[in-house]
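All residue numbers in this chain count up from 1 along the given sequence. Source: prediction; values computed, not measured.
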Amino acid sequence: MSDHRRPKLRAGLVAAAAVAVGAIAYGVDLALTDDKVARGVTVAGVQVGGLEVDEADRRLRSVLDDRARTPLPVRAGTASTELVPARAGLAVDWDATLTGLGARQWNPLTRLSSFFGEREVEVVTRTDERALARALDGLGKQIDSDPVEGDVVFRGAEAVPILPKAGQRLIDDAAARQLRGSWAEGTPVDLPVESLTPAVSERSVQSALAQVARPAVAAAVRVSGKDGAVATIAPDQMGRVLDFEADHSGDLVPRFDTEAAIALLRPQLARTETTPRDARVRLVSGAPQVTPHADGETIDWRKTLEFLPELFSATGTRTAAAKYVTAPAKVTTQQAEALGIDEVIAEYTTGGFSYASGVNIRLVAEEVDGAVVGPGETFSLNGYTGPRGRSEGYVPSGIINNGHADEAVGGGISQFATTLYNAAYFAGLDDVEHTEHSYYISRYPAAREATVFEGAIDLKFRNPSRTGVLIETIGTGSDITVRLWGTKNVDVESITGDRHSYTQPRSLSLTGGTCSPSSGAQGFTTSDTRVVTDRGTGAEISRRTRTVTYDPAPIVTCR
């Protein structure tokens, strides 16, 4: 063998020997680590490399189960809080995690590198999605915050800036992924948030403060009225009139509340205004007389305050002159005279009532006395008088309740309703709404009477003529009269029909202090026909028949 071939042979033998030694070492290493976790392996920061698989399982369960029950620090933007992973539906999927842990590494280079470093095996998380969603909802309530919008507010006579501040909102899907992948480490988890930017910038706040708000509270705003009267909006009242709102570009713009300014100023100048007085038709010495109208004078506040923004920002005089305008009466003297209220067109009287009923009848009559029903207008008794209770002076008296006598506050007013109805009937006014009593009362004309009950049963009639009607009432201790004044254009005749279809009363036995015994009465059916004719020509204008059925009045025995 030549000398130049000997070095190559020696190198080959050395390499072969190294491979053989490596193979033997690799085999020995495989044999020594059989049924063990590979060297350098960590799970969620827990070192388990080189341990028996069962021992690694026990160590991991001990550490990770404890972490699942321990509050985990959570950071999200500017907020910090905690959650317990187990309560949030996060747990270790042990089968999947241990499967990854027990995988043998056959690559010689990987086994060699395990002597000098670590290899992390990820924890596989099992998730209860509903529990995690509830936990994220709870985190959101702690983490989420609305942006604070920039604004300027008033505290007394001081203008105060509200500086804008960004808000934030938890991004649920990304936060869920972050928690699934990081909770087992047991170290604080940073969750993603969306930043919510205020619409109004700090620059806009400072501009509104310097250019509008502070000049507004620098001095009072005044409105001068007649006779030296002055109304004032003081600096500490400016916030009731002025505030700010953001426009589409996010700038703060002033908003002036004219109604609030009027509410502050009007009472201070009320004595300089005069209220208009309508013309009225009244009975003086038993005859209609027109009280003339009088126009008033009031402040046109809209016109007076049309330059309100300029007043609030003026550096010199902050005084505006009140602009007065005529306030015309709604009913003029000419209109009242044209109503043609000159003569009595109908009158009706009823009598026979108790003392308590008389109190109520005279009280309601006083309320209605002097009422005017204009051409084409409808009069409502309930609408005109309003409530008729104890606070208005009405007292308990007799009523009809479920077909028998009873007592209630305001009882007896139906007698006034019947009297008013008959006066309107004979005046030729249109019957809009009326209701008869449930059983017949002998002091009233059959089929030509009315009852009322507050909020349920009303008496309404309409004036069909081109002239007005004035209602006059006259009450005494024994009777009530309603007299209607106007222009008499029609004559009215009432034709009462025969009674028929009688029904027999039933017997009732009642208890209570308001029980009133009664011998009862038959029920029956009858009718009334109203014939209206033209007073000048005698021509018939209308003929209408109303049929009424009265219930039998029960025989009442009081126990």
Practice problem: On the 0 to 90° scale, with breaks at 30° and 60°, tag the Phe312-Phe256 ring pair as parallel, tilted or perpendicular. | Solution: perpendicular

Exercise. Could you tell me whether the side chain of Val364 reaches within less than 4.5 Å of the side chain of Thr473, counting heavy atoms only?
Key: no

Quiz item: When you look at CD of Glu122, are more than 12 heavy atoms from neighbouring residues, nucleotides or ligands closer to it than 6.0 Å?
Solution: no

Practice problem: Answer yes or no: is there an ion pair linking Glu367 with Arg388, defined by an N-O contact shorter than 4.0 Å? | Solution: no

Practice problem: Can you establish whether the number of heavy atoms outside Tyr384 located under 6.0 Å from its atom OH is more than 12? | Solution: yes

Exercise. Check the pair Asp251, Arg203 against salt bridge (Lys or Arg N to Asp or Glu O under 4.0 Å), reporting the backbone distance first and the verdict last.
Key: CA-CA 9 Å; Asp251 288 331; Arg203 176 197 59 78; 3.1 Å; yes

Exercise. Identify whether the distance between the nearest side-chain nitrogen and carboxylate oxygen of Arg87 and Asp128 falls below 4.0 Å.
Key: no

Self-check item: From CA spacing to verdict: salt bridge (Lys or Arg N to Asp or Glu O under 4.0 Å), Arg177, Asp173
Solution: CA-CA 6 Å; Arg177 289 193 296 271; Asp173 291 344; 5.5 Å; no

Quiz item: When you check the gap from the basic side-chain N to the acidic O, do Asp57 and Arg61 get nearer than 4.0 Å?
Solution: yes

Self-check item: Minimum-distance pair of heavy atoms, taken over all atoms of Asn382 and Val452
Solution: OD1-CB, 4.4 Å

Quiz item: More than 12 heavy atoms of other residues, nucleotides or ligands under 6.0 Å from CZ of Arg390: is that the case?
Solution: no

Quiz item: Quick one: do the Thr291 and Arg282 side chains pair a donor with an acceptor below 3.5 Å?
Solution: yes

Exercise. For atom CZ of Arg280, decide whether the heavy atoms of other residues, nucleotides or ligands shown that lie under 6.0 angstrom number more than 12.
Key: no

Practice problem: Find out whether Glu392 and Thr385 are in side-chain contact, i.e. whether some heavy atom of one side chain is under 4.5 Å from a heavy atom of the other. | Solution: no

Self-check item: Test salt bridge (Lys or Arg N to Asp or Glu O under 4.0 Å) applied to Lys141 and Asp137, step by step
Solution: CA-CA 6 Å; Lys141 293 176 181 177; Asp137 183 60; 3.7 Å; yes

Practice problem: Indicate whether the side chain of Asp247 and that of Ser249 have a donor and an acceptor atom separated by less than 3.5 Å. | Solution: yes

Quiz item: Got Val409 and Pro396 here, is their nearest side-chain heavy-atom distance under 4.5 Å?
Solution: yes

Quiz prompt | Nearest non-hydrogen partners of Ala91 and Trp183, listed with the distance | solution = C-CZ2, 3.8 Å

Quiz item: Do Leu429 and Pro464 have side chains that get closer than 4.5 Å, going by heavy atoms?
Solution: yes

Quiz item: Within a strict 4.5 Å, meaning less than it, do heavy atoms of the Asp151 and Val200 side chains meet?
Solution: no

Quiz prompt | CD/Glu306: more than 12 non-hydrogen atoms of other groups inside 6.0 Å | solution = yes

Quiz item: Salt bridge or not for Arg59 and Glu52, using N-O below 4.0 Å?
Solution: no

Quiz item: Tell me, do Gln206 and Leu163 make a side-chain contact under 4.5 Å, heavy atoms counted?
Solution: yes

Quiz prompt | Check: Phe416 and Leu363 side chains under 4.5 Å, non-hydrogen atoms | solution = no

Quiz item: So does Arg75 have more than 12 non-hydrogen atoms from other groups sitting under 6.0 Å from CZ?
Solution: yes

Quiz item: Any idea which heavy atoms bring Thr97 and Val43 closest together, and the distance?
Solution: CG2-CG1, 4.4 Å

Practice problem: Find out whether Thr81 and Leu139 are in side-chain contact, i.e. whether some heavy atom of one side chain is under 4.5 Å from a heavy atom of the other. | Solution: yes

Quiz item: How about Lys323: does its NZ atom have over 12 heavy atoms from other parts shown lying under 6.0 Å from it?
Solution: yes

Exercise. Locate the shortest heavy-atom distance separating Lys330 from Gln335; write the atom from each residue and the value.
Key: O-OE1, 3.3 Å

Quiz item: Hey, are Gln47 and Thr42 close enough side-chain-wise for a donor-acceptor pair under 3.5 Å?
Solution: no

